[in-house]
Each structure stands twice: as C-alpha cells, then as structure tokens.
Visitor: 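What follows is a structure written as structure tokens; I'll ask about it next.
The chains referred to below are lettered A, B, ... by the order of the sequence lines, with proteins before strands, and numbering in each begins at 1. Any value given below was found using the heavy atoms of this structure, including those in side chains, with hydrogens, waters and symmetry copies removed.
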Amino acid sequence: MSKFLPVDEQMDLLEKGAAEIIRVSDLRERLEESRKTGRPLRVKAGFDPTAPDLHLGHTVLMRKLRHFQQLGHTVIFLIGDFTSLIGDPTGRNVTRKALTRAEIDKNAQTYKQQVFRILDEKATEVRYNSEWLGKLGYEDTVRLTAHFTVSQMLERDEFHKRFQEEQPISLHELLYPVMQGYDSVALQCDVELGGTDQKFNLLCGRELQRHYGQKPQIVLMTPILEGLEGVQKMSKSLGNAIGINEPASEMYGKLMSISDELMWKYWVLLTDLRTSEIEALRADVATGRAHPMEVKKRLALTIVAGFHGEAAARNAAENWARMFQQKRFAGDVEEVRLKLEDFAKEDLREIIERREHFQTGPVQAGGAFLPLKVARLLTDSGLTNSNAEAQRKIKERAVQINGQIWDRVVWPLDASQLVPSADDPSRIEATLRIRLGKKAKIVIIS
RNA sequence: GCACAGGUGGCCGAGCGGUUAAUGGCAGCAGACUGUAAAUCUGCCGCUCCUUGCGAGCUACGGAGGUUCGAAUCCUCCCCUGUGCACCA
C-alpha cells in the first residue's frame with residue numbers, strides 16, 4: 001500500500017486552478033512512478049525576496065505548493081537571493097535595480113514569516129540559490145550559457161518587445177532565465193511552479209536539465225490573479241491588492257467589493273472547495289437559486305477564516321453587514337484619542353477647570369457647549385489627509401457625527417457629554433462617532 | 001565624450017509670455033442609484049487659516065540664477081533620464 005493517494009485523486013487537486021501544465025501526461029507518469037517507488041516528488045518554486053508584503057495574488061502559487069505538500073511531496077521554497085542581484089526582467093519594460101545584500105536578507109526573512117502562514121514549515125525545504133550559483137566561476141558560467149542561443153533569449157516576449165522598441169536590455173538580464181534553470185538542475189526538481197508570466201524561465205529549467213542528463217521537470221503554471229477592480233493583476237503598487245497581513249475586517253470588506261464575475265476565479269484559486277462544488281454554486285446563482293451576494297459572503301468568510309480563524313472571520317462578516325447593509329457603525333470601529341485643546345475653537349483651559357460646573361445639575365442651554373472644529377476632528381482622527389480636504393467633505397455633506405449629517409464648521413459638544421474617564425476619573429472625556437463615507441472612527445476626546 | 005529628444009500636480013499628458021492651482025485622461029474621495037461591487041450620473045480632487053465666503057494667505061511646472069509690469073512658457077548655467085553615434089560618419 002503506497003503512502004500516496006491514487007494518481008487520479010492527486011491530479012484532481014493539482015489540476016484545479018492550474019493555468020497550464022507541461023505536460024499533464026508527464027505529471028501523471030511521474031506521480032505513478034513516485035507512488036510505486038515511494039519517493040516523493042521534489043517540487044520547487046522560486047521567489048525573489050523583493051516584495052516582503054505578500055498579497056492574495058502571491059498565495060495562489062503558495063496554495064498550489066501546499067497541495068503538493070498535502071499529497072506528501074517535498075516542497076522546496078527557493079529564495080532567489082542570488083538571482084535578485086539581477087532582478088527578474090519578467091513583466092518589466094525597464095531594467096530592475098539590484099538589491100543590496102542587506103535588503104535581500106531582510107526581505108527573505110519577512111517573506112518566510114508570511115509564507116509559513118500557508119505552507120507547513122516543518123515539511124518545507126528552504127534553500128537559497130546563492131548556495132550553488134555563488135560557487136560558479138566564470139568558466140562554469142560560460143559553459144552554462146553556451147546551452148542557449150541569443151535568438152532563443154530574444155524569443156522571450158519581454159526581451160523581444162524591448163528589443164523592438166529600442167529599449168535597453170542589459171546583458172546580465174539575459175542571465176536570469178539561465179540561472180533559474182540551473183536552480184532546477186542543482187535541486188534535481190521533478191516539478192517547478194510559477195506564474196504564467198514565468199513560462200520562459202520555467203522552460204529554461206527543462207532545457208538545462210536535459211543537458212545535464214536529468215529528466216526535464218514538469219512545469220505547472222498558476223494564473224495571474226486579478227486585483228479588486230478585476231482588470232489588472234493584483235499588485236500592491238496598483239493599490240488593488242489584499243495583503244495577507246491585513247486585519248480581518250479589511251480583508252472581508254475588500255473581498256466583498258470584487259465583482260460577481262471575478263468571484264468565481266477567487267473561489268477556484270483561493271479556496272479549497274472542489275471544482276465540482278464550485279460549479280454547483282455557480283449553477284445555483286445562474287438559475288437564481290442562490291443570491292450572488294450570499295455566495296460572495298461565503299467566499300469572503302472562507303478566505304478570511306483561513307488567515308484569521310473562524311471567529312474573527314464571523315466577526316468581520318457581522319461588522320461588514322452592519323456597516324454596509326444597514327449603514328450603521330461597525331462594532332469594532334477604531335478608537336482614536338485626541339486632546340481637547342488641540343482642536344477646540346478657543347482656549348478651553350479655563351472651561352475645563354470649571355468642569356464641576358458641567359457635572360452638576362442640568363445644563364443650561366446656551367452656555368454649556370464647547371465648540372469643536374470639525375475639520376480638525378476629521379484630520380486628527382485620520383479620516384482625512386488634510387484640513388482642506390476635511391473642509392470640502394463637510395461642505396459635501398459627507399460627514400456624519402453621532403449618526404447625523406453635519407455640514408457646519410463647528411460641532412457644539414454638549415457639556416453634559418463630558419464625563420469622567422473610565423480609566424482615570426480625574427480626567428473628563430467625551431465620545432463621538434464620526435463617519436466619513438465608508439470610514440468611521442470613534443473619537444474620544446479628553 | 002559628441003549629437004538629438006525630454007524632465008509639468010499620485011500616474012499619463014496638454015500648455016510654450018498675461019483672465020486661472022495650471023486643459024484633458026486615469027487613479028482616488030464623497031453623494032445618488034444597487035444585494036456589496038461594477039456601470040452610470042453629480043460634486044470634489046496642493047496646503048494653511050478664519051468672520052465658511054463664488055474669503056484670505058502660502059506653496060507649486062527638475063535645480064539655481066536672469067530678462068520682463070508679468071514666466072510652466074524666453075535666456076544662462078547646472079542636475080537627471082532616454083536614444084543614437086563613437087573606423088568609414
């Protein structure tokens with residue numbers, strides 16, 4: 001009895017959400033072989049330690065790695081510390097600037113921390129490609145590069161385009177695919193994973209392995225995940241990303257904001273639901289038996305739970321429903337503490353000193369309001385970036401204080417709301433719920 | 001090194017001596033609409049201040065000077081980017 005699952009079952013999981021596999025038949029074959037011999041496949045994916053902030057787009061690949069891991073194969077998490085001295089030309093129309101050693105180390109560290117939220121750390125082999133690439137001398141490098149021709153390299157889209165457009169291509173950039181390919185040789189990989197944009201690099205591995213008398217690795221490419229707006233690829237710099245370190249409610253809200261159509265791709269690439277189950281859901285929505293929003297809520301819940309746990313995800317879901325569906329305040333809106341004198345309209349020292357006055361008896365109309373500058377309130381609490389912006393929003397009637405639209409410059413704080421602080425009774429404080437559009441804060445002023 | 005092109009608000013990109021924080025597009029923010037979103041429509045979209053007014057002031061078109069009543073726009077120098085050339089050219 002093999003320790004591995006039947007090949008059909010393995011394939012079912014591995015093929016889910018894969019954009020392209022070169023080749024499917026080879027993969028089957030090699031899975032058969034591993035099942036017979038009991039030798040797990042060596043599965044590699046390389047990462048440039050350049051982007052320490054991982055988002056869901058990155059996790060597509062990680063999740064696929066985990067699938068291999070779950071099936072009992074060996075996953076090699078390769079940190080391209082050496083290759084990042086060059087910078088991957090993929091998806092770039094300009095030469096990437098090289099990183100310093102210190103930056104690389106720091107990034108690699110952050111990378112690992114985040115990656116092991118998805119991968120099983122104990123079952124992962126972490127390697128650095130400086131281990132072997134750093135040892136290659138000039139002679140080795142020459143021999144290595146001799147396996148490729150210039151026109152092969154220029155076939156590659158990015159290079160081809162840059163060549164056509166008379167954009168510069170640095171010589172060392174041509175080495176990138178070669179080095180990545182050599183990684184596969186050094187690690188004797190059975191499978192390499194990468195995004196579809198990595199196709200060229202991945203295929204170089206096959207080429208080189210042949211030259212070194214190894215069986216060419218199987219290449220499995222994962223699709224590029226579109227970001228929140230559903231058009232461009234998810235990327236932090238485009239501002240359409242969901243970071244894996246984001247708070248639960250943030251994640252949930254962002255997921256709910258994707259289009260109904262994009263939702264299906266997220267289901268496939270970011271959850272463990274079986275393909276058949278996803279198809280069933282899709283059919284239900286198409287026939288009107290399920291509401292797309294409900295299905296999307298389930299998606300958001302599933303994904304958020306994967307990162308923050310079931311309880312936090314449910315909590316985020318409830319808050320989201322309160323906030324957007326009932327247009328009310330969420331339960332755990334961020335609290336901000338501000339100092340009264342920073343934004344009150346006049347010097348309040350004296351008024352504060354007379355606070356006994358406020359605490360006793362009914363407040364007289366007229367004399368018992370503290371005029372607070374609303375614009376400062378918004379900016380200091382972080383709802384707006386500048387007072388000028390805050391003033392505009394006030395005029396646009398976009399600001400709500402304690403649930404009521406407030407379009408005036410000053411908010412009169414009823415002195416009766418200034419009460420002794422719970423933590424420190426010698427201080428007095430007042431609590432305001434301020435809202436600007438989708439964002440809200442609880443502001444405690446004291 | 002030489003030649004050419006160019007550096008404008010988050011990005012792209014007009015303007016090329018004079019109503020003006022600077023056309024337009026994208027992004028962003030807010031409002032309406034909706035199951036959230038998208039789409040659409042509307043408004044906003046440098047900063048500060050107040051007596052919140054079609055208010056006042058300040059800062060902006062690579063940098064520094066200069067010419068002018070007045071410059072993003074003209075001149076000088078400098079810095080930066082890109083391409084080409086670098087035997088014949």
Visitor: Can you tell me how far C1' in B:rA27 sits from the matching atom in B:rA38, rounded to whole Å?
Guide: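 Comparing C1' positions in B:rA27 and B:rA38 gives a spacing of 16 Å.
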Visitor: Determine: side-chain N/O of A:Lys373 to OP1/OP2 of B:rC50, distance under 4.0 Å, yes or no.
Guide: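 For A:Lys373, the contact criterion (side-chain N or O under 4.0 Å from OP1 or OP2 of B:rC50) is met.
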Visitor: Given the P atoms of B:rG31 and B:rG25, what is the spacing between them in whole Å?
Guide: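 Taking atom P in both B:rG31 and B:rG25, they lie 22 Å apart.
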Visitor: P atom, B:rU40 versus B:rG46: distance in rounded Å?
Guide: 23 Å
Visitor: Please report the distance separating the P of B:rA39 from the corresponding atom of B:rC29, rounded so that it comes out in whole Å.
Guide: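 Between the two P atoms, the distance is 12 Å.
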Visitor: What distance, rounded to whole Å, do you find between the two P atoms, one in B:rC41 and one in B:rG24?
Guide: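 Roughly 16 Å separates the two P atoms.
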Visitor: According to a strict under-4.0 Å criterion, is A:Ser386 in side-chain N/O contact with OP1 or OP2 of B:rU48?
Guide: yes
Visitor: Less than 4.5 Å apart, any side-chain heavy atom of A:Met179 and any of A:Asn129?
Guide: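 A:Met179 does not reach A:Asn129 side chain to side chain.
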Visitor: In whole Å, what separates the P atom of B:rU73 from that of B:rU19?
Guide: 14 Å
Visitor: Kindly say whether, by distance alone, the side chain of A:Asn385 makes a donor-acceptor pair under 3.5 Å with the base of B:rG28?
Guide: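 It does not, because no donor-acceptor pair links the side chain of A:Asn385 to the base of B:rG28 below 3.5 Å.
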Visitor: Rounded to whole angstrom, note down the P distance from B:rC77 over to B:rC12.
Guide: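 One P to the other, the span is 28 Å.
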Visitor: Any N or O donor-acceptor pair linking the side chain of A:Lys395 to the base of B:rC44 at under 3.5 Å?
Guide: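 Check fails, no donor-acceptor contact within cut-off.
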Visitor: Using the C1' atom on both, measure B:rU59 against B:rU42 and round to a whole Å.
Guide: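 About 30 Å, rounded to a whole number of Å.
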Visitor: Please find out if less than 6.0 Å separates the ring center of A:Phe82 from that of A:Tyr128.
Guide: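 No, they do not, as the ring centres are separated by 6.0 Å or more.
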